[in-house]
A.B. asks: 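Next up is a structure, given as structure tokens.
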Protein chains: 2
Amino acid sequence: MSIIDRPVRGSDSGRPIMALLDLLGRRWTLRVIWELRGGALSFRALQAACSGMSPSVLNQRLAELREAQIVEAGGDGYALSARGRELLELFGPLQRWSEDWARALRDG
Amino acid sequence: MSIIDRPVRGSDSGRPIMALLDLLGRRWTLRVIWELRGGALSFRALQAACSGMSPSVLNQRLAELREAQIVEAGGDGYALSARGRELLELFGPLQRWSEDWARALRDG
DNA sequence: CGTATTGCTTCTGAATTAGTAGCGCAACAT
DNA sequence: ATGTTGCGCTACTAATTCAGAAGCAATACG
């Protein structure tokens, strides 16, 4: 039974986008993907990059992301899979958007 | 003091992308934005769209998203702001991606 | 008046996350 | 062989967050 088949928190289930939004809507998940943008990181490096996130939660997130085949573990630590990199690319424009957003919020 | 200035959970702060990832990485936030893709929804309609999400949490998310000027309240309920719609567009390709992803997870 | 709907608050218990300590393992040095 | 170091990860408790139900105040309608 894969991660997208089982009833997903807050989702009427079945629809992949719901499973995805549920997966990504867990604390640190987006951040972990983001921190892997530059390549593989070890468990502890990843933990440090996420400013000291709890190892228990990190481990849990990594398990979820690995099951979802977005992240994979290799000899050099954890890295985005090919699919994970695709996903990250979709988030790429977020950075530019967030800068405009921040400017607008500051200016009023 | 705006939402992007104050120290943000799990972020070394200051960088807008971190504030954004933190904001979006709260339960239901992505989902709420997603459910508003088709236009304004009333509080209770939004709650129903999110399959019965707690009104307390919905209210909290709406407050956060309104402060972030991603969502705005009008006579016809809650809707994405112009900026919010921009953000949603960035997530658009997610749907297609999620379908490929679901297929891949099912097939192996 | 009575009823209905809406936005939202309040409350309690459940689930999730935070934070710290430390285990078992491997590589390397003494 | 005996530290020492760093690694991935687990175990545990405390704090925070969320779920779920009930219901209030406001508005609208008959």
Side-chain angles (χ1 to χ4, degrees), chain A residues 3 6-13 18-36 39-68 70-81, chain B residues 3 6-13 18-36 39-68 70-81:
Chain A
I3 193 175
R6 60 168 163 260
V8 163
R9 187 184 55 194
S11 143
D12 26 41
S13 189
M18 296 303 175
L20 180 63
L21 291 179
D22 178 64
L23 180 64
L24 299 180
R26 289 174 190 163
R27 200 167 293 175
W28 293 111
T29 304
L30 286 169
R31 177 71 178 273
V32 165
I33 294 172
W34 179 258
E35 294 296 349
L36 289 176
L41 286 177
S42 72
F43 187 96
R44 279 174 137 104
L46 197 46
Q47 189 186 356
C50 294
S51 17
M53 146 187 209
S54 301
S56 40
V57 179
L58 175 54
N59 192 43
Q60 200 174 328
R61 292 294 168 269
L62 285 173
E64 290 159 6
L65 288 170
R66 281 204 285 174
E67 189 184 356
I70 290 169
V71 161
E72 54 196 12
D76 49 352
Y78 293 95
L80 293 174
S81 66
Chain B
I3 193 175
R6 60 169 164 259
V8 163
R9 186 186 54 194
S11 142
D12 26 43
S13 189
M18 295 304 174
L20 180 63
L21 292 179
D22 178 66
L23 179 66
L24 299 180
R26 290 175 188 160
R27 198 170 292 174
W28 294 110
T29 305
L30 287 169
R31 176 70 177 271
V32 165
I33 294 174
W34 179 258
E35 294 296 349
L36 289 175
L41 287 178
S42 72
F43 187 95
R44 278 173 135 104
L46 197 46
Q47 190 187 355
C50 294
S51 20
M53 146 186 210
S54 301
S56 41
V57 179
L58 175 55
N59 192 43
Q60 200 175 330
R61 292 293 169 271
L62 285 172
E64 290 160 6
L65 287 171
R66 281 203 285 174
E67 189 185 356
I70 290 169
V71 161
E72 55 197 12
D76 49 353
Y78 294 93
L80 293 174
S81 67

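A note on names: the letters A, B, ... follow the listed sequences, proteins ahead of strands, and every chain is numbered from 1. These values consider heavy atoms only, across backbone and side chains, with no hydrogens, waters or symmetry-generated copies. Note that the structure is a prediction, hence the values are computed from the model and not measured.
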A.B. asks: A:M53 has an atom CE; how far is it from atom C1' of C:dT20, in whole Å?
C.D. replies: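 It is 16 Å, rounded to the nearest whole Å.
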A.B. asks: Separation of B:R31 atom CZ from D:dA19 atom C1', in whole Å?
C.D. replies: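 That distance rounds to 15 Å.
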A.B. asks: Between B:R26 (CZ) and C:dT17 (C1'), how many Å, whole number?
C.D. replies: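 After rounding, the reported distance stands at 14 Å.
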A.B. asks: Give a yes/no answer on whether the side chain of A:W28 brings an N or O atom under 4.0 Å of OP1 or OP2 in C:dT16.
C.D. replies: no
A.B. asks: Do B:R31 and B:S51 have side chains that approach each other closer than 4.5 Å (heavy atoms only, starting at C-beta)?
C.D. replies: yes
A.B. asks: Among residues at least two apart in sequence or on other chains, which ones pass side chain to side chain contact (heavy atoms under 4.5 Å, CB included) with A:A45?
C.D. replies: A:L41, A:S42
A.B. asks: Tell me the interatomic distance from B:Q60, atom CD, to C:dG7, atom C1', rounded to whole angstroms.
C.D. replies: 16 Å
A.B. asks: Treat a base pair as Watson-Crick or G-U wobble with both distances under 3.5 Å, then lay out DNA chain C in dot-bracket form, 5' to 3', with | for cross-strand pairs.
C.D. replies: ||||||||||||||||||||||||||||||
A.B. asks: Could you tell me which residues satisfy side chain to side chain donor-acceptor pair (under 3.5 Å) with B:Q47, sequence neighbours excluded, listed by chain and number?
C.D. replies: none
A.B. asks: Taking atom CH2 of B:W34 and atom SG of B:C50, what is their separation to the nearest 0.5 Å?
C.D. replies: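 The distance works out to 12.5 Å.
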A.B. asks: Could you pull out all residues at least two apart from A:A63 that satisfy side chain to side chain contact (heavy atoms under 4.5 Å, CB included)?
C.D. replies: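 None.
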A.B. asks: Can you list every pair that meets salt bridge (charged side-chain N to carboxylate O under 4.0 Å, His left out) and has a residue in residues 44-57 of chain B, with sequence neighbours left out?
C.D. replies: none
A.B. asks: Identify the pairs formed between an N or O of the protein and an N or O of nucleotides 4-9 of chain D at a distance under 3.5 Å, and give each distance.
C.D. replies:
| unit_1 | atom_1 | unit_2 | atom_2 | d |
| --- | --- | --- | --- | --- |
| D:dG8 | OP1 | A:F43 | N | 2.6 |
| D:dG8 | OP2 | A:F43 | N | 3.4 |
| D:dG8 | OP2 | A:R44 | N | 2.8 |
| D:dG8 | N7 | A:R44 | NH1 | 2.5 |
| D:dG8 | O6 | A:R44 | NH1 | 3.4 |
| D:dC9 | OP1 | A:Y78 | OH | 3.2 |
| D:dC9 | OP2 | A:Y78 | OH | 2.0 |

A.B. asks: Round to the nearest Å and state the distance from B:R27 atom CZ to C:dA14 atom P.
C.D. replies: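 After rounding, the reported distance stands at 16 Å.
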A.B. asks: Kindly give the heavy-atom pair with the smallest separation between B:L58 and B:F43, and that separation in Å.
C.D. replies: CD2-O, 3.5 Å
A.B. asks: Rounded off to whole Å, could you give me the CG-to-C1' distance for the B:L58 and D:dG20 pair?
C.D. replies: 14 Å
